[in-house]
Amino acid sequence: QVQLVESGGGLVQPGGSLRLSCAASGFALDYYGIGWFRQAPGKEREGVSYISSSGGSAYDVDSVKGRFTISRDNAKKTVYLQMNSLKPEDTAVYFCAANRRRQYASTWYHLDEYEFWGRGTQVTVSS
């Protein structure tokens with residue numbers, strides 16, 4: 001059974017940090033790029049970060065550059081999103097998703113590029 005399970009969300013004060021994890025099972029993560037997306041109440045789901053299957057390529061949305069870092073450990077079948085200097089506008093449900101097609105700077109954030117999705121983890125940034 002293919003599964004992506006996100007964890008690590010929670011409530012954090014502005015300026016704080018969280019590390020999200022995306023654990024994969026039921027498929028060979030080594031062959032899949034992973035994207036992190038988020039969806040705030042009343043807003044569309046948007047791409048946050050992407051990492052290729054080998055970890056050799058990564059992309060971030062402009063609003064998180066310099067604050068978020070995506071990484072992966074294929075041996076542990078897990079992808080991480082380290083989030084620093086969090087802002088209230090980062091509040092959202094965060095999802096990870098997997099795709100097997102090569103992604104580029106102009107394609108990685110398209111939702112229909114992804115084959116499998118997790119159910120999400122809530123991140124709330126508030127004082």
Distance flag, aromatic centroids of W117 and F37, threshold under 6.0 Å: yes
Pair Y109 + Y50: ring centers closer than 6.0 Å: no
Check the hydrophobic clustering (I, L, V, M, F, W, Y; side-chain heavy atoms under 4.5 Å; chains of links allowed) and say if [X] and [Y] are grouped together.
X: I70; Y: V5; answer: no
X: L11; Y: M83; answer: no
X: V12; Y: L81; answer: yes

Interatomic spacing from [atom1] in [X] to [atom2] in [Y] - rounded to 0.5 Å:
X: W36; Y: S49; atom1: CH2; atom2: OG; value: 9.5 Å
X: Y32; Y: I34; atom1: OH; atom2: CD1; value: 9.5 Å
X: C22; Y: R72; atom1: SG; atom2: CZ; value: 9.0 Å
X: D60; Y: K65; atom1: CG; atom2: NZ; value: 7.0 Å
X: E46; Y: L111; atom1: CD; atom2: CG; value: 10.5 Å
X: S25; Y: Q3; atom1: OG; atom2: CD; value: 4.5 Å

Residue pair N99, W108: steps toward the side chain to side chain contact (heavy atoms under 4.5 Å, CB included) verdict: CA-CA 9 Å; N99 71 51; W108 69 270; over 6 Å; no
Nearest heavy-atom pair of [X] and [Y]: which atoms, and what distance?
X: P14; Y: S126; result: CD-C, 3.6 Å
X: E6; Y: T121; result: CB-CG2, 3.9 Å
X: A92; Y: A40; result: CB-N, 3.8 Å
X: R100; Y: E115; result: N-OE2, 3.1 Å
X: L86; Y: L18; result: CD1-N, 3.9 Å
X: G35; Y: Y114; result: N-CE2, 3.7 Å

Short question: side chain of [X], backbone of [Y] - any donor-acceptor pair under 3.5 Å?
X: Q82; Y: Y80; answer: no
X: T78; Y: K76; answer: yes
X: K77; Y: A28; answer: no
X: R38; Y: V48; answer: no

Crowding at CD, E89 (>12 non-hydrogen neighbours, <6.0 Å): yes
R119, CZ: over 12 other non-hydrogen atoms inside 6.0 angstrom: no
Check against side chain to side chain contact (heavy atoms under 4.5 Å, CB included), R67 and K87: CA-CA 10 Å; R67 300 189 299 123; K87 304 175 181 180; 3.8 Å; yes
Q39 side chain to E44 side chain, donor-acceptor N/O pair below 3.5 angstrom: no
Criterion ring pair (Phe, Tyr, Trp, His ring centres under 6.0 Å) on Y59 and Y104, from CA distance to verdict: CA-CA 8 Å; Y59 304 109; Y104 301 91; 8.2 Å; no
